[in-house]
2 protein chains.
Amino acid sequence: MTSGESEFVEEMGQYLAGLGMTPMAGRMWGWLLICDPPEQTAADIAEALNASRGAISGTARLLATSGLIRRGTRRGDRREYFSAPPEALDSLLGSAAAIYHHMRAIAERGLHAIADRPAESKARLQEFYDVMGFVEREVPRVIAQFLRERSEGKA
Amino acid sequence: MTSGESEFVEEMGQYLAGLGMTPMAGRMWGWLLICDPPEQTAADIAEALNASRGAISGTARLLATSGLIRRGTRRGDRREYFSAPPEALDSLLGSAAAIYHHMRAIAERGLHAIADRPAESKARLQEFYDVMGFVEREVPRVIAQFLRERSEGKA
DNA sequence: CGGAAGTTTCAGTCAATGCTGAATAATGAG
DNA sequence: CTCATTATTCAGCATTGACTGAAACTTCCG
């Protein structure tokens with residue numbers, strides 16, 4: 001791994017860590033975006049990232065569960081091969097959209113909790129709820145359109 | 001604060017903490033969305049959240065810097081009054097959009113680091129870069145449209 | 001100017017948690 | 001079946017960082 005690649009991997013790790021993931025998850029995802037060959041064993045990744053096998057194992061489960069990486073096997077080879085598949089971007093954007101959904105849900109419970117207040121007092125939370133609802137609806141629509149156009153353009 | 005309100009505040013705190021903010025920031029923001037009166041002193045907030053004055057001070061700076069709350073003063077009253085202004089939603093959505101921008105920037109540096117590879121090897125990161133660029137452009141556009149429509153509807 | 005009320009700063013504490021590394025389990029080869 | 005290799009689990013460590021509380025600072029009033 002060159003120093004530029006290392007910087008990219010580390011930067012991705014730090015940034016995604018700030019968004020609630022672990023640094024290792026960010027590093028692993030970043031590495032899988034630029035590694036060659038694109039499919040890597042746990043041992044490969046552990047060596048590239050200077051990380052323990054245990055960390056790779058746990059992080060791989062995390063990333064695979066959220067759809068960011070794919071785990072593959074080959075006949076006559078017990079090792080697992082990890083890669084960052086194209087669909088990962090769908091998952092990434094999908095989880096971003098899920099944030100809006102969750103926020104709207106929280107706001108909804110909050111509105112319920114203050115249901116007996118005058119409308120004036122509920123206005124702030126109501127607006128928050130409305131905006132989240134709008135974004136939750138529209139952002140995935142725009143993303144889906146982009147992905148559709150892109151796959152058509154490729155075909 | 002009723003138990004329902006308390007749940008809302010705590011839930012907001014936990015959720016925003018998971019997104020990289022502190023629990024206290026989430027609680028404070030949540031509280032300012034539902035409190036009555038809508039403007040509260042540091043002492044009011046500290047009491048409502050069972051938090052120290054120091055925590056309120058630091059969190060207030062954080063939230064004010066990112067535009068989520070407004071700090072106001074009144075003549076002949078040294079206390080500061082905090083509130084969640086309508087513009088806060090713009091800031092909130094803006095910082096969400098900033099995430100896409102930052103990710104595209106990271107991807108850009110990554111692409112530079114592997115510039116001498118064959119195109120095939122750069123495809124994964126290139127696609128990531130493209131998608132982030134698209135979202136960075138389109139999502140704010142959709143949001144701006146919504147805010148425009150909404151303010152027109154209100155006027 | 002002196003003092004009261006409020007705010008900010010900061011050192012210290014404590015809990016949370018990401019990572020390591022060794023032990024354990026699982027899998028395929030011979 | 002047994003062995004070698006790979007994957008997973010988990011207890012422990014170290015680090016991080018959010019919060020507290022007291023001290024320092026600021027500002028306004030008498």
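Order of the sequence lines sets the chain letters (A, B, ...), proteins ahead of strands, with each chain counted from 1.
- Contacts of B:Asn50 with the nucleic acid, taken as non-hydrogen atoms under 4.0 Å apart, involve only primed sugar atoms and P, OP1 or OP2.
- Using a cutoff of 4.0 Å between basic side-chain nitrogens and carboxylate oxygens, B:Arg27 and B:Glu10 are scored as salt-bridged.
- Mapping heavy-atom proximity under 4.0 Å, the span of DNA chain C touched by chain A runs 5' to 3' from C:dG18 to C:dA29.
- Between B:Gln14 and B:Glu11 the shortest side-chain heavy-atom distance does not fall below 4.5 Å.
- Atom CD in B:Glu10 sits roughly 13 Å away from atom C1' in D:dC19 (whole-Å rounding).
- With DNA chain D read from its 5' end, the first of the two nearest nucleotides for A:Gly58 and A:Asp77 is the one closest to A:Asp77.
- Atom P of nucleotide D:dA18 and atom CD1 of B:Ile56 are separated by 15 Å, given to the nearest angstrom.
- We find that B:Lys122 and B:Glu127 are not joined by a salt bridge, their nearest charged nitrogen and carboxylate oxygen being 4.0 Å or further apart.
- Between the CD atom of A:Gln14 and the P atom of D:dT16 there is a distance of 10 Å, rounded to whole Å.
- Residue-level contact check: A:Gly76 touches the backbone only, with heavy atoms under 4.0 Å from sugar-phosphate atoms and none from bases.
- Nearest to the side chain of B:Thr22, among D:dT8, D:dA18, D:dT20, sits D:dA18.
- Rounded to whole Å, atom C1' of D:dT6 lies 14 Å from atom CD1 of A:Ile45.
- When rounded to the nearest whole Å, the span between CE of B:Met21 and P of D:dC19 equals 13 Å.
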Under 3.5 Å, which donor-acceptor pairs do the side chains of residues 44-51 of chain B form with other protein atoms, sequence neighbours left out?
from: B:Asp44; atom 1: OD1; to: B:Thr41; atom 2: OG1; distance (Å): 3.4
from: B:Asp44; atom 1: OD2; to: B:Thr41; atom 2: N; distance (Å): 3.0
from: B:Asp44; atom 1: OD2; to: B:Thr41; atom 2: OG1; distance (Å): 3.1

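- Checking the phosphate oxygens (OP1, OP2) of D:dT5, no side-chain nitrogen or oxygen of A:Arg53 falls inside 4.0 Å.
- Among the atoms of the strands shown, only primed sugar atoms or phosphate atoms (P, OP1, OP2) are found under 4.0 Å from some heavy atom of B:Ala51.
- B:Trp31 and B:Gln40 share a donor-acceptor pair across their side chains, judged by distance under 3.5 Å alone.
- The existence of a salt bridge linking B:Arg104 and B:Glu108 is confirmed by a sub-4.0 Å separation between a basic side-chain nitrogen and an acidic carboxylate oxygen.
- With rounding to whole Å, B:Leu16 atom CG is found 15 Å from D:dA18 atom C1'.
- Distances shorter than 4.0 Å separate some side-chain N or O of A:Arg61 from OP1 or OP2 on D:dT9.
- Of the candidates D:dA18, D:dG21, D:dT9, D:dT9 carries the atom nearest the A:Ser57 side chain, counting heavy atoms from C-beta on.
- Taking 4.0 angstrom as the limit, A:Arg71 places none of its side-chain polar atoms (N or O) nearer than this to OP1 or OP2 of D:dT6.
- Using a 4.0 Å heavy-atom distance criterion, B:Arg79 is classed as a sugar-phosphate-only contact.
- Between the CZ atom of B:Arg27 and the C1' atom of D:dT20 there is a distance of 13 Å, rounded to whole Å.
- A:Arg70 has no carboxylate O lying under 4.0 Å from a charged side-chain N of A:Glu39, or vice versa, which leaves the two without a salt bridge.
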